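Predicted model, so just to flag it, every value in this text is computed and none were measured. Below, chain A is the first sequence line, B the second, and so on; all start at residue 1.
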Amino acid sequence: MSKTNSNPAVIEMCNARIGALHDATLAVVENVNWTVQPGEFWVVAGQQHSGRTDLLMHAAGLMTPASGTCQVFGCDTRGFDESQIAERLRVGFVFAGGKLFNQLTIAENIALPLRYQKNLTAAEAARAVEVLMELLELTPFAANTPGNLATNWRQRAALARALVLKPDLLLLDTPLAGLGTRHRQWWLKFLEQLRTGHEFFGGLRMTVVVTTDDVRAWQHPQRQYAVLHEQTFSVLGSWSELESAHHQAVKELLAEPVETNL
Amino acid sequence: MRGNLAKAFELTNTQVFRRAALPKSYTDLAGRKLFLALLTVQGLGAFALITLGVILKKFNLASSLIQPRVRQEISRAGVAMLPMFFFIALALGFVVVSQTVAALTKLGQSDYLGSTMVIVIVRELGPLLTAVLVLARVGTANVIELGTARALGEVEALEALGIDPVHYLIVPRVIGMALGIFSLTVYLIIGTLVSGYLFAFLQDVPLTPGDYFKQIAGALNWLDFALLALKTVTFGFFIAIVTCYHGLAQPLRLEEVSRVAVRAVTQGVIVCVLVDAIFIMLYLVT
């Protein structure tokens with residue numbers, strides 16, 4: 001991975017061919033041209049199986065495009081290996097459903113990246129984890145395993161695990177799926193605070209990218225929108241531009257009542 | 001990390017072969033089986049080399065997290081199995097040693113007692129039985145745990161956190177199982193020899209404990225100790241590699257986990273027998 005310029009875009013894809021997670025040779029999205037600047041909040045809308053997760057996996061550098069280029073913080077992900085671990089850790093990823101480690105408690109799940117990357121003992125990591133759990137209202141569930149938690153709290157624990165290393169870019173795959181109304185409101189408010197600079201993270205303005213199949217829940221004048229439909233990725237711009245777009249996929253998404261994928 | 005996994009674990013072709021309709025002729029079937037076996041050997045070899053590379057390269061990385069996991073695995077593949085091995089040692093002493101001691105004494109061939117015990121218990125039965133029991137109890141659990149983690153996407157989650165799945169999930173299991181099998185084998189051998197004598201004593205075999213243990217000690221040489229250590233560690237290494245490979249290496253669905261566990265145990269037994277055969281040749285040569 002080589003640096004290309006001193007002030008790069010957070011994500012920059014040029015003619016990227018996005019392969020499927022379980023078979024990289026199978027293209028799910030073609031010719032993605034997408035630039036995410038620091039501090040932006042992007043909402044990528046698409047139905048199930050439209051390639052949302054695969055796109056995020058590429059944006060995180062966990063997969064490389066079959067053709068074209070994908071740069072994260074100015075570094076080509078094709079050469080993404082362990083020597084660039086510091087760059088990789090600038091990206092936080094919240095998977096759909098959380099994908100927490102079932103053998104570990106919630107506190108251990110959150111502490112895991114911190115302990116591995118900074119070589120800390122459980123006691124040394126405990127303080128940082130406690131503070132973060134308090135912020136995300138997870139303290140009562142610290143000793144629970146993920147299997148004993150409701151989706152609402154599992155998803156929040158996954159967010160805590162992604163935030164514990166204080167990333168610059170946060171990628172979230174359908175974070176509102178399966179959440180109750182109160183929790184959805186909490187997420188929308190909290191993610192907006194991350195974009196504008198949450199005091200817990202020293203006012204650092206995080207770049208946020210979310211995927212969704214319920215684009216209306218993410219309506220906000222300062223967000224950018226894109227849509228995935230039939231193997232194409234279309235950048236639409238602001239909410240007003242999205243509403244005025246004559247894109248068939250947009251009409252379908254705006255008509256969708258609620259998120260249904262779990 | 002992902003590159004490593006992808007290179008060693010790309011078994012898409014294997015899956016195609018496995019799921020294809022069975023060939024009609026016997027020669028085609030034999031060819032298919034042979035091809036699958038070669039692909040498995042290739043995958044296992046690559047996985048073993050990658051694991052060795054990670055053990056050497058990342059020996060001190062994240063030691064605060066990995067070392068407790070290694071201790072946990074030693075406990076699982078060693079300490080936790082001590083009660084079971086106490087029972088096995090008693091049974092083996094009763095079934096094998098006491099009868100052998102009694103028969104040899106009756107035939108007036110008690111001079112061969114030491115060498116017989118060393119060949120049967122120290123070189124063969126002790127290590128092989130330990131390996132098979134650990135494979136059955138801990139190896140199966142490895143496949144199920146890792147297979148479930150793989151099916152639920154936990155491996156991708158580890159990679160997203162910048163954690164090498166081989167380092168975090170495999171290395172502790174390999175080290176734990178190698179040391180666990182070594183320790184359990186020593187325990188089983190000592191237990192079997194002692195309990196065997198006790199059962200022989202109950203049968204009024206005219207052999208003093210001093211003579212019995214003197215004969216065994218006389219039949220042992222330094223090579224037995226060295227090869228015993230090497231053999232048990234090799235058993236542990238390969239059992240962990242086979243079970244972890246099947247659990248982690250292939251993209252799995254939840255319903256496939258039990259089938260993969262059966263295949264891993266079968267291959268684990270085959271690997272143990274092959275390793276044992278290599279060591280028999282070593283004993284014969286030396």
Side-chain angles (χ1 to χ4, degrees), chain A residues 20-26 53 56-57 60-64 77-82 84-104 108-125 146-147 158 161-162 164-165 167 171 173, chain B residues 1-7 9-13 15-16 53-54 57-69 71-73 76 141-142 144-169 171-173 250-254 256:
Chain A
L21 176 60
H22 293 295
D23 183 2
T25 58
L26 183 72
T53 306
L56 283 194
M57 293 287 276
L62 296 170
M63 294 175 72
T64 52
T77 56
R78 218 174 290 279
F80 231 39
D81 59 29
E82 288 179 2
Q84 287 84 36
I85 195 73
E87 294 295 315
R88 291 192 61 161
L89 296 178
R90 293 175 71 189
V91 183
F93 201 118
V94 180
F95 287 89
K99 290 192 180 175
L100 295 165
F101 306 114
N102 288 306
Q103 308 280 332
L104 306 179
E108 288 167 343
N109 262 286
I110 298 167
L112 184 66
L114 200 59
R115 292 188 62 195
Y116 187 86
Q117 303 301 346
K118 300 193 173 174
N119 194 18
L120 302 179
T121 62
E124 288 167 340
R161 188 179 65 179
V164 75
L165 290 173
L171 305 171
D173 192 11
Chain B
M1 279 175 287
R2 192 165 186 85
N4 271 353
L5 286 170
K7 277 176 208 157
F9 308 162
E10 270 308 336
L11 292 182
T12 315
N13 291 336
Q15 294 301 325
V16 168
V54 171
K57 195 174 157 192
K58 299 184 176 175
F59 192 74
N60 284 322
L61 182 69
S63 53
S64 301
L65 177 66
I66 300 298
Q67 281 174 8
R69 282 184 56 76
R71 284 197 290 274
Q72 191 185 337
E73 289 300 325
R76 194 163 75 138
N142 272 350
I144 292 168
E145 278 174 21
L146 294 174
T148 309
R150 178 84 207 231
L152 294 176
E154 291 178 14
V155 176
E156 281 88 14
L158 277 177
E159 287 172 341
L161 297 168
I163 298 172
D164 184 347
V166 176
H167 188 215
Y168 180 72
L169 296 173
V171 170
R173 285 179 165 85
Q250 308 167 68
L252 283 177
R253 292 191 297 268
L254 272 178
E256 293 174 321

Where do L152(B) and N102(A) come nearest, in terms of heavy atoms and distance?
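Shortest heavy-atom separation between L152(B) and N102(A) comes out as CD1-ND2, 3.3 Å.
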
Kindly give the heavy-atom pair with the smallest separation between Q117(A) and L161(B), and that separation in Å.
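Closest heavy-atom pair between Q117(A) and L161(B): NE2-O, 2.9 Å.
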
Which atoms of E145(B) approach chain A - backbone, side chain, both or neither, heavy atom under 4.5 Å
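Contact with chain A is through the side chain of E145(B) alone.
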
For A157(B), is it the side chain, the backbone, both, or neither that has a heavy atom closer than 4.5 Å to a heavy atom of chain A?
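Both parts, backbone and side chain.
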
Which bit of L120(A) is near chain B, if near means a heavy-atom gap under 4.5 Å: side chain, backbone, both or neither?
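When you check distances to chain B, only backbone atoms of L120(A) fall under 4.5 Å.
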
Does any heavy atom of chain B fall under 4.5 Å from the side chain of L100(A), the backbone, both, or neither of them?
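Backbone only.
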
When you look at L112(A) and I163(B), which way does the side chain to side chain contact (heavy atoms under 4.5 Å, CB included) test go after all the steps?
CA-CA 9 Å; L112(A) 184 66; I163(B) 298 172; 3.8 Å; yes

For the interface with chain B, which of R115(A), K118(A), Q103(A) has the highest count of heavy-atom pairs at distances below 4.5 Å?
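Highest number of heavy-atom pairs under 4.5 Å: R115(A).
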
Run the side chain to side chain contact (heavy atoms under 4.5 Å, CB included) check on Y116(A) and H167(B) step by step: do they pass?
CA-CA 10 Å; Y116(A) 187 86; H167(B) 188 215; 2.7 Å; yes

Test item: [X] side-chain N/O and [Y] main-chain N/O as donor-acceptor pair under 3.5 Å:
X: N119(A); Y: S63(B); answer: yes
X: T121(A); Y: S64(B); answer: no
X: E159(B); Y: L62(A); answer: no

Mind telling me whether F101(A) and Y168(B) have parallel, tilted or perpendicular rings, with 30° and 60° as the class edges?
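Ring orientation, 0 to 90° scale: tilted.
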
Between A149(B), P68(B), A62(B), which has the largest tally of heavy atom pairs under 4.5 Å with chain A?
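Heavy-atom pair counts peak at A62(B).
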
